[in-house]
Amino acid sequence: MGYRFPAIYFEATRLCNLQCPMCMTGSNDTRRVRESRKQELSYEEIRDLVLYPAKRVGVVAVGWSGGEFLLRADAHDLLRLTVDLGYDCKVCSNCELLDRERLEAIKDAARGRVTIAVGLNSIDANNQWSRDAEVDRTLEVLELCRELKIDRHVIITIGKHNADSFEQTVEYLLKRRISYNRSPLVGRGSGDAYFQEKGFDRADLEERFHPVLRRHVHGYVSYTPFFLSPELHAEVSGGASNGSVPQNPPIGCWAGTWLTINAEGDVSVCPVLLDVLCGGNVREKPLDELVESSALFADITDRSQLKGRCGRCRYQYTCGGCRAMAYFHTGDYMEEDPTCFFDPADPNEKSEYEDETNRLFKKYLIIARHAGLYRRPS
């Protein structure tokens with residue numbers, strides 16, 4: 001059908017130098033890390049089975065993560081290759097290796113086309129509990145990036161642990177012009193031990209997180225529920241979609257509009273669904289052939305098959321509900337998102353937040369265009 005995906009999130013190693021309590025990879029499992037090191041994709045495999053074929057499915061940016069991506073001996077070589085092939089790149093790091101010298105080396109390897117992405121769940125003491133990293137150390141790295149003119153991005157993993165501090169954290173980032181996105185705490189990796197206790201529920205989302213996300217277009221990159229008029233998106237996007245998942249720009253749940261790959265080459269539809277949902281392995285087929293033949297990608301890009309409230313919602317296509325929340329709460333990635341607080345009787349029911357979302361979305365298009373996620377249709 002000719003899938004197109006703007007970005008790849010690549011957990012290129014499970015090796016890590018921190019033991020984060022809520023780490024949503026296999027990097028806290030020493031047995032799994034040892035096995036993974038034997039099966040980790042090589043530089044040549046990444047080049048031939050991932051980065052070359054990615055051109056054929058429209059990828060424009062590659063995010064390198066782990067574990068700790070910078071622990072790979074060929075990390076800088078992979079950054080050079082990424083940029084030489086015409087991709088923008090992002091390095092997701094826990095900050096422990098990021099001093100001025102290392103940041104300068106990363107910037108040089110990526111020819112300046114790099115964003116440093118760090119995890120910051122809260123700017124108070126709650127961050128150390130959930131990230132096992134000192135807030136001051138993370139903020140120091142963000143300041144170094146500013147001095148060195150390196151783009152910065154922050155990933156905030158949301159749950160009950162930071163519901164009270166979320167607004168304060170977002171305001172801090174906005175004042176410093178630092179982009180951010182929210183990522184839900186899920187039962188992947190060691191996060192499984194905390195998911196039932198610390199995962200947010202629909203009341204947390206409605207009363208704490210969603211009001212903050214709605215107010216600031218910098219967070220529009222991916223969150224649900226997203227109450228954008230389907231008619232408006234069709235107008236500004238030129239009807240661009242991956243199956244029925246909106247693109248140009250992508251909005252709502254990003255499952256079905258980006259590719260995620262783990263260290264062993266398994267491909268999935270979302271970073272937090274890696275290791276629990278697999279659409280195939282690049283050692284079996286190159287990336288472009290794999291996604292074209294994958295039943296998982298066929299399902300996830302057909303939002304007409306969504307169930308429950310998501311299936312009868314006006315925003316079925318422009319939101320889609322969080323597929324990760326559906327999976328980790330129900331075991332079915334096509335089920336309704338149980339954390340959503342909108343209860344439509346039928347597809348004609350309009351959210352009270354639609355007009356507000358439409359208004360701010362028009363401002364978000366400026367940011368999305370700068371980030372390469374939006375192009376005005378001819």
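Note that the numbering runs from 1 along the sequence shown for the chain.
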Does a side chain donor of either [X] or [Y] reach within less than 3.5 Å of an acceptor in the other side chain?
X      : Y      : value
Tyr9   : Ser65  : yes
Asn181 : His153 : yes
Trp64  : Thr82  : yes
Glu68  : Thr13  : no
Asp299 : Tyr333 : yes

What's the spacing between [X] [atom1] and [Y] [atom2] if we round to 0.5 Å?
X      : Y      : atom1 : atom2 : value
Glu140 : Leu98  : CD    : CG    : 10.0 Å
Leu277 : Cys270 : CG    : SG    : 9.0 Å
Leu174 : Ser179 : CG    : OG    : 10.0 Å
Lys307 : Thr330 : NZ    : OG1   : 8.0 Å
Asp337 : Cys322 : CG    : SG    : 5.5 Å
Ile46  : Leu81  : CD1   : CG    : 9.0 Å

I want to check something: taking the side chain as every heavy atom from C-beta on, are [X] and [Y] in contact at a cut-off of under 4.5 Å?
X      : Y      : result
Thr260 : Val267 : no
Phe69  : Leu79  : yes
Leu49  : Leu287 : no
Glu167 : Arg208 : no
Ser244 : Thr301 : no
Thr224 : Thr339 : no
Phe297 : Asn242 : no
Ile106 : Ile116 : yes

Determine, stepwise, if the pair Arg323 / Val269 fulfils side chain to side chain contact (heavy atoms under 4.5 Å, CB included). CA-CA 9 Å; Arg323 296 301 93 213; Val269 295; over 6 Å; no

For [X] and [Y], I'd like to know if the aromatic rings sit close, meaning centre-to-centre distance below 6.0 Å.
X      : Y      : result
Tyr364 : His218 : no
Tyr315 : His233 : no
Tyr223 : Phe209 : no

Between Glu96 and Arg102, is a salt bridge (charged side-chain N to carboxylate O under 4.0 Å, His left out) present by the stated rule, with each step listed? CA-CA 11 Å; Glu96 288 300 295; Arg102 190 62 179 266; over 6 Å; no

Would you name the heavy atoms of [X] and [Y] that are closest together and state the gap between them?
X      : Y      : result
Ile156 : Leu120 : CG1-O, 3.5 Å
Asn262 : Leu41  : O-CD1, 4.4 Å
Lys285 : Ser293 : NZ-OG, 2.9 Å
Glu336 : Cys310 : CA-SG, 3.6 Å
Val236 : Tyr374 : O-OH, 2.8 Å
Leu373 : Pro250 : O-CD, 3.8 Å

NZ or CZ of Lys55 within 45° of Tyr87 ring axis and under 6.0 Å: yes

Cationic tip of Arg47 above Tyr43 ring, under 6.0 Å, 45° of axis: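 No, a cation-pi geometry is absent between Arg47 and Tyr43.
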
State whether [X] and [Y] are salt-bridged, where the test is any N-O pair (Lys NZ or Arg NE/NH1/NH2 against Asp/Glu carboxylate O) under 4.0 Å.
X      : Y      : result
Asp346 : Arg314 : no
Arg72  : Asp77  : no
Arg111 : Asp84  : yes
Arg56  : Glu292 : no
Arg14  : Asp275 : yes
Arg214 : Glu356 : yes
Arg146 : Glu143 : yes
Asp151 : Lys90  : no

Linking I/L/V/M/F/W/Y whenever any side-chain heavy atoms sit under 4.5 Å apart, do [X] and [Y] land together?
X      : Y      : value
Val83  : Val91  : no
Leu306 : Tyr317 : no
Val245 : Trp258 : no

List the steps, then state whether side chain to side chain contact (heavy atoms under 4.5 Å, CB included) holds for Leu274 with Ile261. CA-CA 7 Å; Leu274 264 172; Ile261 307 172; 5.7 Å; no

Would you say CZ of Arg176 has more than 12 non-hydrogen atoms from neighbouring residues, nucleotides or ligands within 6.0 angstrom? yes

Should we count CD of Glu231 as having more than 12 external heavy atoms under 6.0 Å?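 Result for CD/Glu231: enclosed.
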
With under 30° as parallel and over 60° as perpendicular, where do the rings of His210 and Tyr353 fit, or are they tilted in between? tilted

Apply side chain to side chain contact (heavy atoms under 4.5 Å, CB included) to the pair Tyr327 and Val276, showing each step before the final yes or no. CA-CA 9 Å; Tyr327 177 82; Val276 294; 3.8 Å; yes

Under the criterion side chain to side chain contact (heavy atoms under 4.5 Å, CB included), I'd like the reasoning laid out for Cys145 against Arg152: C-alpha separation, chi angles, the key distance, then a yes or no. CA-CA 7 Å; Cys145 288; Arg152 306 169 289 175; 3.4 Å; yes

Could you check whether any side-chain N or O of Glu45 sits under 3.5 Å from a backbone N or O of Ser42, counting only pairs where one atom can act as donor and the other as acceptor?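 Answer holds: yes.
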
Using only atom types and a distance under 3.5 Å, with no angle test, would you say the side chain of Asn162 pairs donor to acceptor with the backbone of Thr157?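 At least one qualifying donor-acceptor pair exists.
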
Name the one of Pro184, Pro225, Pro211 that satisfies side chain to side chain contact (heavy atoms under 4.5 Å, CB included) with Leu205?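 Of Pro184, Pro225, Pro211, side chain to side chain contact (heavy atoms under 4.5 Å, CB included) with Leu205 is met by Pro225 alone.
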
Option passing side chain to side chain contact (heavy atoms under 4.5 Å, CB included) with Val154 (candidates Thr169, Asn121, Leu142, Val170): Leu142

With salt bridge (charged side-chain N to carboxylate O under 4.0 Å, His left out) as the test, would you mind laying out the steps for Arg4 and Asp288 before giving the verdict? CA-CA 9 Å; Arg4 293 189 67 79; Asp288 58 330; over 6 Å; no

Evaluate the criterion ring-ring contact (aromatic ring centres under 6.0 Å, His included) for residue pair Tyr220 and Phe226; output intermediate values, then yes/no. CA-CA 9 Å; Tyr220 269 36; Phe226 196 73; 5.1 Å; yes

